[in-house]
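Each chain gets a letter, A, B and so on, in the order its sequence line appears, and its residues count up from 1.
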Amino acid sequence: MLRTHTCGELRAANDGERVTLCGWVQNRRDHGGLLFLDLRDRYGVTQVVTEPEFPEAGAAADRVRLEWVVRGTGVVRTRPDANRNKDRSTGQIEVVLEEFEVLSASAPLPVAVTGEERSSEELGLRYRYLEMRRPEVRNALETRARMNQIIREHMIAQAFVEVETPILLRSTPEGARDYLVPSRVHPGSFYALPQSPQILKQILMVGGMDRYWQIARCFRDEDLRADRQPEFTQLDIEMSFVEQDDVLEVVESLVVRLVREIAGVEIPSSVRRMPYAEAVARYGTDKPDLRFGLPVVDVTEILQDCAFGVFSGAAKAGGRIRAIALGPEHPLSRKKLDALPAAVADRGARGVAWVRIKAEGWSGAAAKHLTDAEQSGLTEALGLQEGGIALFLAGPSEVVVPASGDLRVHLGKLFELRDPARYELLWVVDFPLFAWNEDEQRLDAAHHPFTAPLPEDVPLLDSAPKSVRALAYDLVLNGEEVAGGSIRIHQHDVQSRVFELLGIGADEAQQRFGFFLEALRYGAPPHGGCASGLDRLAASLLGLEQIRDVIAFPKTTSAADLMSGAPSTVDPAQLVELSLQLDVASPAETGNEPGDGIRSA
RNA sequence: GGGGAUGUAGCUCAAUUGGUUAGAGUACCGGACUGUCGAUCCGGAUGUUGCGGGUUCGAGUCCCGUCAUCCUCGCCA
């Protein structure tokens, strides 16, 4: 090693030892006859100092600038009390330089490596290796590594076998857009990158692997968000001869442990379960944030004949009226009330009606239309208190239900009810098996087409498929989905029936999933599993809103890698080799290329 | 594909109603200084105001287009 110690480990106990440190120059304080350098590496920061007694080392150190990589040798000296730095673990000592060499100089920096001000995200991505020197990014990556270690221990201890599945595999339509890879030896044919190893892990069960796990990279060519990258990482699990609870227990015990060991918060080891229907009814979403209350109440029955046209009109048209009650501890000014509709406009909700509950009478546009019976009905249903407010959304169910969820979350933010130190886990279970696709007038798989129906709902497959519930489950952490899975169909005939309901004919199923359906015919064990998005989970545990910082080399919202310049054009010879011909003007002709503006800087 | 925000020195930002030479901090370069830890002090250099077009006597500022980044709707079985 070029060093005897790291920059984070010397203490007063090392006084008098001769040591060698390597690191980046984080700061430089030149006093003329005396020069202080702060040397930084992954482990910490240590102050080194020059003294006139060693002029050669002093002259060499004098040349260095920020972020140069240097190596210094000298004796550890305990600092006088007045000169100790209490904010730093190595602050009791310093190293008096006897020898000093520059290992690597640095050009002036294009991004801020130290200090509280962080450079723009664009520059941070372009110069990711410099951002990575910042503690917040380094800490996130170290946290990911610890999570992986905990996961590995947990899975191995429970007899799971880690199996790698291919990155190049067959495109199986449905779901997200595939990333495609052209085949050279099979002109006109393509591999797809996995959206998840779903079919493969089920086939592993048919192969008798019994308990599989993998930290798997997944790829989906869809538009991005703060919590979505084109490639992301899942903890993938599949188990044979299990019932739903068996899968949930494996996953929840792991996530509870991660919350404890990563976030340092102790939470109950048994995670509560809530049917999908209840989650949607009470919280307007299938992933409720249970760190705060403010439940949504359906008041359609109470207000359906109301003199207020907005309410009765919605009810008569078959819609719903949903309300959230605010106690006197959550006051809203007229200005804030007027800003509420903007919070639900995304969902197509037209407005938010409100009434103030006062001793002398209710006020608000809707108040004067409410009969005494309606007022007492609302008071009881919503638990209204004097000094409080009732908020109402009215309209078609498919608008008002999700809008009520958005409104609740908006209020949670507004009143700062989302305690960042709290971790509320919840299993949402009994999801519907199918979702109605309005555009194409057919059923879609709500989870995926291999999800098993609830046994007691199987008869409904023929009579009322839309009301069939599934053995599917999502793990929700503070209002974010961090894992999801299902018990799978292991019977060939049931699988065929589901495909039929999804409008996938026998021929088409054969063409798309033939190899999988064939596998189900050769003794498939009952099985089920789960997958957890580790990027989001890591971000949640670190209290981050976006996942880029828990990924070493993330991409932009247009799926570009600003550091390497991917995606890029390729040599025409490569296209010829792949039997590909482009039908678009090349970027060279349009003069545009991703990252252009910044790379030319 | 739609909506919104942002783009000024290497970096973080400022610049009044459209007004004449676009500033500050920091980094960088030079100098002073023996106890700093955001060192301090003195001096210096640094600009295609993202790009293209337009309006105007005059544009960082107004208009149109475009590119990039971020947020978001659609999308993500």
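Legend: salt bridge (charged side-chain N to carboxylate O under 4.0 Å, His left out) pairs involving residues 494-503 of chain A, not counting sequence neighbours, sorted by first then second residue: A:Asp462-A:Arg497, A:Arg497-A:Glu500. Within the structure, every pair that satisfies the side chain to side chain donor-acceptor pair (under 3.5 Å) test and touches residues 466-476 of chain A, not counting sequence neighbours, is listed here: A:Asp457-A:Arg469. Residue pairs meeting the salt bridge (charged side-chain N to carboxylate O under 4.0 Å, His left out) criterion with at least one member in residues 58-70 of chain A, sequence neighbours excluded: A:Arg28-A:Asp62, A:Arg40-A:Glu67, A:Glu67-A:Arg133.
Within 4.0 Å (heavy atoms only), A:Glu116 reaches no atom of the nucleic acid at all.
Taking atom P on both B:C41 and B:G35, the two are 16 Å apart, rounded to the nearest angstrom. Between the P atoms of B:U72 and B:A9, the separation comes to 27 Å (whole Å). Going from the C1' atom of B:G50 to that of B:C67 covers 8 Å, rounded to whole Å. B:G54 sits 12 Å from B:G58 when the P atoms are compared, rounded to a whole Å. Using C1' as the reference atom, B:A14 and B:A24 are 7 Å apart when rounded to the nearest Å. Taking the P atoms as reference points, B:A15 lies 28 Å from B:G3, given to the whole Å. Atom C1' of B:U49 sits at a distance of 33 Å from the matching atom of B:G31, rounded to the whole Å. Between the P atoms of B:A27 and B:U12, the separation comes to 15 Å (whole Å).
Scanning atom types as modelled, no donor and acceptor separated by under 3.5 angstrom connect the side chain of A:Arg220 and the base of B:C76.
For A:Phe232, the ring pair (Phe, Tyr, Trp, His ring centres under 6.0 Å) criterion is met by no residue, not counting sequence neighbours. With sequence neighbours left out, A:Glu99 forms a side chain to side chain donor-acceptor pair (under 3.5 Å) with A:Arg18. Applying the side chain to side chain contact (heavy atoms under 4.5 Å, CB included) test to A:Glu518 and every residue at least two apart in sequence or in another chain returns A:Tyr522. A:Arg29 is linked by a side chain to side chain donor-acceptor pair (under 3.5 Å) to A:Asp38, A:Gln47, counting only residues two or more places apart in sequence or in another chain. By the side chain to side chain donor-acceptor pair (under 3.5 Å) test, A:Ser196 pairs with no residue at all, sequence neighbours left out. Under the side chain to side chain donor-acceptor pair (under 3.5 Å) criterion, A:Asn83 pairs with no residue at all, not counting sequence neighbours.
Within residues 52-70 of chain A, the residues having any heavy atom closer than 4.0 Å to RNA chain B are, in order of number, A:Pro52, A:Arg65, A:Leu66. RNA chain B is contacted by no residue of residues 465-486 of chain A, taking any non-hydrogen atom closer than 4.0 Å.
The nearest whole Å value for the distance from the CG atom in A:Asp87 to the C1' atom in B:C37 is 9 Å. If you measure from atom CZ of A:Arg77 to atom P of B:U36, you get 14 Å, rounded to the nearest angstrom. Remark: C1' of B:C33 and CZ of A:Arg29 are 15 Å apart, rounded to the nearest angstrom. Atom P of nucleotide B:U36 and atom CZ of A:Phe36 are separated by 7 Å, given to the nearest angstrom. The distance between atom CG of A:Asp30 and atom P of B:C28, rounded to the nearest whole Å, is 12 Å.
The shortest distance between the side-chain N/O atoms of A:Arg126 and the OP1/OP2 oxygens of B:A68 is not below 4.0 Å. Of the side-chain N and O atoms in A:Thr557, none sit less than 4.0 angstrom from OP1 or OP2 of B:U69. Considering only side-chain N and O atoms, A:Ser558 lies under 4.0 angstrom from the phosphate OP1 or OP2 of B:U69.
Annotation: of the two residues near RNA chain B, A:Gln546 and A:His448, the 5′-most nearest-nucleotide partner is A:Gln546. Nucleotides of RNA chain B nearest to A:Arg88 and A:Phe450 differ in position, and the one nearer the 5' end is that of A:Arg88.
Around atom CD of A:Glu545, no more than 12 heavy atoms belonging to other residues, nucleotides or ligands sit under 6.0 Å away.
The side chain of A:Leu125 approaches B:C70 more closely than any other nucleotide in the set B:U36, B:C70, B:C73. In the set B:G1, B:C76, B:U69, B:C76 carries the atom at the smallest distance from any side-chain atom of A:Arg228. Taking the side chain of A:Arg225 as heavy atoms from C-beta on, and the options B:A68, B:C75, B:C37, the nearest nucleotide is B:C75. Among the nucleotides B:C76, B:C37, B:C70, the one closest to the side chain of A:Thr556 is B:C70.
Classified by interplanar angle (parallel below 30°, tilted 30° to 60°, perpendicular above 60°), the ring pair A:Phe450/A:His448 is tilted.
Annotation for A:Leu393 and A:Gly351: closest pair CD2-O, 3.4 Å, computed over non-hydrogen atoms. When all heavy atoms are compared, the tightest approach of A:Arg322 to A:Ser404 is NE-OG, 3.0 Å.
Under the Watson-Crick or G-U wobble criterion, with both distances below 3.5 Å, B:G52 is paired with B:C64. As the counterpart of B:A24, B:U12 is assigned, both hydrogen-bonding distances of the Watson-Crick or G-U wobble pattern falling under 3.5 Å.
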_Can you build the contact string for nucleotides 6-14 of chain B? Use B for base contact, S for sugar-phosphate-only contact, and - for no protein heavy atom under 4.0 Å._
----SSS--
